[in-house]
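Data block below; observations after.
Residue numbers start at 1 and run along the sequence shown.
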Amino acid sequence: MGGVDAQNGETSCSFLLQQLQQIWDEVGETDEDRDKMLLQIDQECLDVYNRKVDQAVKSRDHLLQALSDAKVEFSRLLSALGEKTYDGIPEKNSGSIKEQLAAIAPALEKLWKQKDERVKEFLDVQSQIEKISSEIAGTSEQVESPKVDESDLSLKKLDEFHAQLQDLQKEKSERLHKVLEFVSTIHDLCAVLGIDFFSAVTEVHPSLNDSTGVQSKSISNDTLSSLARTVLALEEDKKQRLQKLQELATQLIDLWNLMDTTEEERSLFDHVTCNISASVDEVSIPGALALDLIEQAEVEVERLDQLKASRMKEIAFKKQAVLEEIFACAHIEIDSEAAQNKIMALIDSVNTESAELLADMDNQIVKAKEEADSRKEILDKVEKWMASCEEESWLEDYNRDQNRYNASRGAHLNLKRAEKARILVGKIPALVDSLIAKTRAWEQDRDTIFTYDGVPLLAMLDEYMMLRQDREEEKRKLRDQKKFHEQINEQETPFGSTPSAARPLGTKKVVGPGANGSGNRRLSLNSHQNGSRSTTKDGKRDHSRTVAPVNYVAISKDDADSHISGTEHIPSTP
C-alpha cells in the first residue's frame, strides 16, 4: 500500500490493479476467473458512482426545496407584514443554490424578528381592547388571552387596532366620569338624607367604594343603569322627605302662631322651618332630611295638636276677636253674642273637628278681609265726609261767637282753622256726590246694600242732602224774616232814638257724626234712636250689645235759645 500515489487517483487504481495481477499470478488464477473478477470490480465501482450521483441529486433537490421554501417564507412574511419590497434580496438564479440560500437567510432572519416584534405589538393592543371591552360588557373576570392573526400583521391593521383602542379608552374615560359623577351625587344625597353612603354604592357594585382605585371601578352598562336608578330613587326620596318636612314646618308655624309660642321654643326647630320654602336643589346641608329629624318634627306637631285641642276655646275666641275687629274696622255690624254661642256649641259637639272649625274661621277671616278691602275706598270717603261735617259744625259755632275777632289767646289759631274749614265745607257737596256714585256702583256690583254700622249708607247720604237743602231754605227764610223785622223797627223807631239791638237769629246746623257726643261716629236716619255703642275700658267696642246710633242732624242748644217765635212758623228738624 506504500506504493499508493496520493496525488493521482488513477495511478493508485493502476497500482492496485498491478498488485491484484501479481497476486493472481502467484495464486495461478485462470484468465476466465480473472476476467470475471475484473467485471465484478467494474460493476462495484459503477454502483458506487451511481450511489454518489443519487446522493448528489438528493442533496441538490433538498437545497432547491430549501431555497424554494425560503423564498415562499420570505414572500409570506413580506405579505403578513404588509411590505411590498425588501432591500438586499438577490436576483433570481444569481449564483449557486447554496449562495442563494446564504443570501436570503439574513433577510429571513430579520423578517422573522420583525414578525415576532409585530406579534407582540398586536398582542398588547388586542389585550387592552379585550380588557376594556370586557369592562364595558361587565365580564372583566372572564377575559381570555387574545389570538393574533399572523396572516395580517401590517401596520395598517395595527393602526386600526390602535384607533379602536383609542375609541374604547375614550369611552372608558367618559363612562368613568359618569360613574364618578353618579357616585358623587349619591354621596351628597346620602349625606342630606342621613343614609349610609358605603352601603348604597356597594349595593350597586363592590368596586365603587373608596378603597378601590379609580381605574378599577366598574363602568359596565349595568353599573351605569343601576347608578342612575339609585340616583333617581334617592332624589325622589329627597323630594318626598322635603315635601313632608315643609308640611310639618307649615303646621308648626301655624300652631306656634295660634298658641303664641315664644321665639326661644321656635328656635329649637329652626333646622326644620329653615327649609319651608326651599326647592329640592337648594337643600344640601348634611342630615337636613334625615328620618330622625322628620320624626322629631312629627312628634312636636302631634304634641302641639294635643295642646291645641286643650286650648281650643281660647284659640277659637281669639280668631273670633280677630274677625270682630276686622268687621268693626270695616263698620260691618254683627251679632257677637250669637257668634260666640255658636262657637261654644261647635266646640262641645262631638261631630265637629277642631281643625275644621279653625279652618272655617280662617276662611271667614279671609273673606272678611276681602270684604273690608272692597269697602276701604268708600269708608275713607265716609271718614273724610264726617270730618268735614264736624268742621262745618265747628265753623258755625265759630261764626256765632261775637268775640271771635278779639285779641284773645288762640284767636289766630281759630282764624286759620276757620279758613281751612270753609275750604272743606265748600267741597262737601262734591264729596257726597262722589260717595253716592261709588256706593251705588259697589251695591250694583255685589247686589247688596252698603251699610255703615248697620245703617244703609245711601239712605244716610240722601237724608243728609235733603236736610242740607232744608237748612239752606231755612237760612234764606231767616234772612228774609230778619230783613222784615229790621224794616218794621226802622218805621217804628222815633226820630233820633237808637233802635234796640235785635237778638241774633239762629239756624239749624248740620252737625258732624261726633257732635252729639257719640264715640263711634255712626249715622242714623231716626232722631229718636240717638245713642251709641257701649265701649269697654280698653277703648274697644263692645259688640255684645247693639245700641241705636246718633242722629247726625240736630239744632244746637244756642240756636234753640236764640230762635225767635214770629208770625212765620219754622218746622223742626225731623
Give a yes or no answer on whether the side chain of [X] reaches the backbone of [Y] with a donor-acceptor pair at less than 3.5 Å.
X      : Y      : value
Glu333 : Val455 : no
Gln246 : Asn275 : yes
Lys384 : Leu431 : no
Asp445 : Ala441 : no
Glu265 : Thr262 : no
Ser374 : Glu371 : yes
Thr185 : Glu181 : yes
Ser226 : Asp222 : no
Asn489 : His485 : yes

Grab the two heavy atoms, one from [X] and one from [Y], that are nearest each other, plus how far apart they are.
X      : Y      : answer
Arg468 : Pro429 : NE-CG, 4.4 Å
Leu224 : Phe182 : O-CE1, 4.1 Å
Glu324 : Ile334 : CG-CD1, 3.6 Å
Ile326 : Ala372 : CG2-CB, 4.2 Å
Ala278 : Val283 : CB-CG2, 4.0 Å
Lys319 : Met361 : CB-CE, 3.7 Å

Any side-chain heavy-atom pair from [X] and [Y] closer than 4.5 angstrom?
X      : Y      : value
Phe450 : Leu458 : no
Glu174 : Lys170 : yes
Leu435 : Tyr464 : no
Ile253 : Phe269 : no
Leu180 : Ser184 : no
Ile332 : Thr451 : no
Thr223 : Leu208 : yes
Val382 : His331 : no

Does a sphere of radius 6.0 Å around [atom1] in [X] hold more than 12 heavy atoms from other residues, nucleotides or ligands, not counting ones at 6.0 Å or beyond?
X      : atom1 : result
Leu307 : CG    : yes
Glu419 : CD    : yes
Leu415 : CG    : yes
Lys318 : NZ    : yes

Pairing donors with acceptors under 3.5 angstrom, does anything connect the side chains of Gln251 and Glu247? no

* Asked: Is a side-chain donor-acceptor pair under 3.5 Å present for Gln296 with Asp292?
  -> no

Rounded to the nearest 0.5 Å, what's the gap from [atom1] on [X] to [atom2] on [Y]? Could you check?
X      : Y      : atom1 : atom2 : result
Glu391 : Tyr398 : CD    : OH    : 12.5 Å
Asp281 : Leu242 : CG    : CG    : 10.0 Å
Leu176 : Lys217 : CG    : NZ    : 8.5 Å
Lys438 : Lys381 : NZ    : NZ    : 5.5 Å
Arg375 : Tyr452 : CZ    : OH    : 9.5 Å
Leu245 : Thr273 : CG    : OG1   : 9.0 Å

State whether [X] and [Y] are salt-bridged, where the test is any N-O pair (Lys NZ or Arg NE/NH1/NH2 against Asp/Glu carboxylate O) under 4.0 Å.
X      : Y      : result
Arg266 : Asp270 : no
Glu473 : Arg476 : yes
Arg440 : Glu443 : no
Arg241 : Asp237 : yes
Lys244 : Glu298 : yes

Report, one line per pair, each donor and acceptor closer than 3.5 Å where one atom sits in a side chain of residues 186-204; sequence neighbours left out.
unit_1 : atom_1 : unit_2 : atom_2 : d
Asp196 : OD1    : Phe198 : N      : 3.4
Asp196 : OD2    : Ser199 : OG     : 2.6
Thr202 : OG1    : Phe198 : O      : 2.6
Thr202 : OG1    : Ser199 : O      : 3.4

- [ ] Determine, stepwise, if the pair Lys376 / Asp380 fulfils salt bridge (charged side-chain N to carboxylate O under 4.0 Å, His left out).
- [x] CA-CA 6 Å; Lys376 186 177 184 304; Asp380 289 343; 3.1 Å; yes

- Query: Should Thr261 and Leu255 be marked as a side chain to side chain contact (heavy atoms under 4.5 Å, CB included) after you check the CA-CA gap, both sets of side-chain angles, and the distance that decides it?
  - Reply: CA-CA 8 Å; Thr261 305; Leu255 291 169; over 6 Å; no

| Does the side chain to side chain contact (heavy atoms under 4.5 Å, CB included) test come out yes or no for Lys369 and Ile365, once each step is laid out? | CA-CA 6 Å; Lys369 288 180 179 179; Ile365 290 174; 3.7 Å; yes

Practice problem: Apply salt bridge (charged side-chain N to carboxylate O under 4.0 Å, His left out) to Lys483 and Glu486, showing your working. | Solution: CA-CA 5 Å; Lys483 185 177 180 181; Glu486 287 178 352; over 6 Å; no

message: Please evaluate residues Cys329 and Glu325 with respect to the criterion side chain to side chain contact (heavy atoms under 4.5 Å, CB included), reporting the C-alpha separation (whole Å), side-chain torsions for both, the decisive distance (0.1 Å), and the verdict.
response: CA-CA 6 Å; Cys329 292; Glu325 181 64 23; 3.4 Å; yes

Kindly indicate, with the supporting measurements, whether the criterion side chain to side chain contact (heavy atoms under 4.5 Å, CB included) is fulfilled by Glu235 and Val280.
CA-CA 9 Å; Glu235 287 179 343; Val280 176; over 6 Å; no

